[in-house]
Protein chains: 2
Amino acid sequence: MRPTVHDIAAAAGVSLATVDRVLNQRAGVRTVTREKVEQAIERIGYVRDVAAANLAKSRIYPFVFILPFGDNSFMRGLEAQVRAAIGRSAVERTDISIVSVPAFNAEALVAALDEARARSPAGVAVVAIDSPDVVAAVDRLRSDRIPVVTLVSDLAGSKRDHFAGVDNIAAGRTAASLMGRFLGGRSGPVAVLAGSMLVRDHRERLDGFCAVMKESFAGHAVLPVIEGQDDPALAERLVGEALAASPEIAGIYSLGAGNRGLIAALKHKSSGSPVCVIAHELTQHTRAALNDGLIDAVLNQDAGHEVRSAIRVLKAKADGVAVIGAQERIRIDIFLKDNLPFEEGSETDAPFERGSNQEPEQGRQD
Amino acid sequence: MRPTVHDIAAAAGVSLATVDRVLNQRAGVRTVTREKVEQAIERIGYVRDVAAANLAKSRIYPFVFILPFGDNSFMRGLEAQVRAAIGRSAVERTDISIVSVPAFNAEALVAALDEARARSPAGVAVVAIDSPDVVAAVDRLRSDRIPVVTLVSDLAGSKRDHFAGVDNIAAGRTAASLMGRFLGGRSGPVAVLAGSMLVRDHRERLDGFCAVMKESFAGHAVLPVIEGQDDPALAERLVGEALAASPEIAGIYSLGAGNRGLIAALKHKSSGSPVCVIAHELTQHTRAALNDGLIDAVLNQDAGHEVRSAIRVLKAKADGVAVIGAQERIRIDIFLKDNLPFEEGSETDAPFERGSNQEPEQGRQD
DNA sequence: AATTTTCTGATTTACGTACATCAAATTTTC
DNA sequence: GAAAATTTGATGTACGTAAATCAGAAAATT
């Protein structure tokens, strides 16, 4: 049988109360005694039963998630994943509230962060905008000892505890690598559609993309960035104009959201040679375009993984416990039409039963 | 506060004992009473506290994992992941034993399955070999009501409960798609290196690959399959011979293991035009080759995900509880040199503390 | 040596569920 | 309508840990 606190007490020759004081770092234990207990723990290989501990504590973690709203599938998917996490809150002992702020608006984000701070939650997750005011607001939270995790887009120079998102430079590099190879012999410049250069994730993707294009595919010029504000309508207009202005465009890298507009523009472009298109985030629109051959590859970050990782990290930070870095690394998924995951719909292997023993993992965003 | 069994009892106007009988489907409850209780559960939105339930049960799950041995990084990585799961067994209430069998040997596998059956574990996970004898052996386990999950390679026609692995047809299709596009204008046939046509995963990858090559890239012939038995030395020899015999080969798809041998053969092939190489499974060897430009892309299945998924499914089956299909789907990862995950090494964000509150997920295989 | 302070032990309750036992109430059967 | 069978209630213990209280022991201070 697995050792318990009683076994520690026996092994160390102390009482249960003292073991408890050591385990939960309470005051009132001499250093010698503490060491005796720690050695006993080491010796018998005690591991705290987390389930029992949580049961006894019956602790709940109030978290605040600050997300941008707007007509954009990825962010809506992200929000859906947070809501899914809220659905699990009974099991996970969390109490998550969502705060929506306008996209690309640093001022509103600062206000939301300060409002969250006033509620003194056990942690805050935020889709960051790169701005000194936001850095300051995040650091105010930290100075109140409230853990902060940036989600999707990071915040350089801040004291945030962790970033739950992909390596966006690597994403941009990967996009360029695929673009360059997919273009093969074809010539022509490459256009880039972004949301806004205000957010770090978009900037980083652009940097990575340009670096590899320059290094390895110098034959293809990269045209000036089109900023579509992640807005489908605007993106459609701007991409349409760009294609009309430069009919020789060989490829388009869409590194932000608003792909619905891009796809619409591509559909209108009947004439000319085919354009190699690489986009970000698997949504119903990019999925359909991939299947239709309008888009050649989609790079994706799994919003579900990101949300769950953020929650795990916030919990760990709230408990002052270590985070296993490798475990919390979010991958870049590459989808071609051939490896598209099946459409959502929670088909089960067996009929559902009430009060069942579920362990969630690996959900997906659409 | 979240409702408990006491709340059900109060809401239904019955005793705790009756609620317990209903919840744990014990006998001795009239249908009317049972329905009254079930309605109360529905009404107050009761969800069983899994942690408390497991604590009370203090149940452990004895599982058997049957894995092939052999000098092959992927399988060794898989075994490492099972050992990692063994390390978590205290927390996860499992008791996992590993049985090693010779690779591609149906007879030995049948013997191992029957031996496992004699131990009557709570579940068996097995890397299957496609053979009627193996199907029969698996079905013997199932007739003893022992849940069986196939791992990595599936077993068609058997009564196995679940397959924890990737969609290998999709993997093959994806490989062909990448191959065809990466080859661009270049001409020349494509060679395929497999382990053995005895295992279903290799056959399926080949089928998917050939289908797309024929559909979309008919200009490139697919040469007869080279069977390297997942053995580096043999693979090296056979690939070397193939390259010597057909210097015009434009691409190689390595759909099995033994990539070390493939890489060695590629290194020796100094002369001639570059060959586009797509391989499976990210190991230290394929990682290095990707970085060196010897391999162009690596398709990967995350052994860690597969093992953890298998365990979750076995537990669920052992408890007669539903499995959420979408949750247990294993993805095909595509790696280019640009999106390689960092090398292993469990860097942490904070110093380690004993008895910490960890929730594992998303580990990785190397 | 007496006093204060600090440390340690013993014990109890609680968390939410599982499971067992025995008595009491209700239904079914003859 | 009595006996038998079934259903329900009441109660207690257990799982492993957290947390609190209070008494007693040991150490530090005077």
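Since the structure is predicted, the reported quantities are computational estimates derived from the model, not experimental observations. Naming convention: chains lettered A, B, ... in sequence-line order (proteins, then strands); numbering from 1 in each chain.
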Tell me, please, which residues at least two apart from A:Ala84 pass side chain to side chain contact (heavy atoms under 4.5 Å, CB included). A:Gln81, A:Arg88
May I have the distance from [X] (atom [atom1]) to [N] (atom [atom2]), rounded to whole angstrom?
{"X": "A:Asn24", "N": "D:dG16", "atom1": "CG", "atom2": "P", "answer": "17 Å"}
{"X": "B:Leu16", "N": "C:dT21", "atom1": "CG", "atom2": "P", "answer": "18 Å"}
{"X": "A:Lys36", "N": "D:dA26", "atom1": "NZ", "atom2": "C1'", "answer": "12 Å"}
{"X": "A:Arg21", "N": "C:dC7", "atom1": "CZ", "atom2": "P", "answer": "10 Å"}
{"X": "B:Arg30", "N": "D:dA5", "atom1": "CZ", "atom2": "C1'", "answer": "13 Å"}
{"X": "A:Glu35", "N": "C:dC7", "atom1": "CD", "atom2": "P", "answer": "14 Å"}
{"X": "B:Lys57", "N": "C:dT17", "atom1": "NZ", "atom2": "P", "answer": "12 Å"}
{"X": "B:Asn54", "N": "D:dT17", "atom1": "CG", "atom2": "P", "answer": "14 Å"}

Donor-acceptor check, side chain of [X] to backbone of [Y], threshold 3.5 angstrom: yes or no?
{"X": "B:Ser100", "Y": "B:Ile66", "answer": "no"}
{"X": "B:Lys315", "Y": "B:Glu92", "answer": "yes"}
{"X": "A:Arg83", "Y": "A:Ile98", "answer": "no"}
{"X": "B:Arg2", "Y": "B:Arg48", "answer": "yes"}

Please tell me which of the listed nucleotides, [options], lies nearest to the side chain of [X]?
{"X": "B:His6", "options": "C:dC15, C:dT17, D:dA18", "result": "C:dT17"}
{"X": "B:Thr4", "options": "D:dG9, D:dT7, C:dG16", "result": "C:dG16"}
{"X": "B:Ala56", "options": "D:dA18, C:dC19, D:dC15", "result": "D:dC15"}
{"X": "B:Arg26", "options": "C:dT17, D:dT17, C:dA18", "result": "C:dA18"}
{"X": "B:Ala53", "options": "D:dG9, D:dA18, C:dA18", "result": "C:dA18"}

5′-ward residue of the pair B:Val32/B:Ser58 relative to DNA chain D: B:Val32
Test B:Lys317 against every option in B:Val148, B:Val149, B:Asp161, B:Ile146 by the side-chain contact (heavy atoms from CB on, under 4.5 Å) rule and name the one that passes. B:Asp161
Base, sugar-phosphate or nothing for B:Asp49? Non-hydrogen atoms, less than 4.0 Å. sugar-phosphate
Counting a pair only when it is Watson-Crick or G-U and both distances are under 3.5 Å, which runs of at least 3 such pairs involve DNA chain D? C:1-6 with D:25-30, C:8-30 with D:1-23
Compare side-chain N and O positions of A:Ser15 against OP1 and OP2 of C:dG9 and report whether any pair is under 4.0 Å apart. yes
Does the pair A:Asp49 and B:Arg93 meet the rule for a salt bridge (Lys or Arg N to Asp or Glu O under 4.0 Å), with working shown? CA-CA 10 Å; A:Asp49 184 326; B:Arg93 301 181 184 281; 2.9 Å; yes
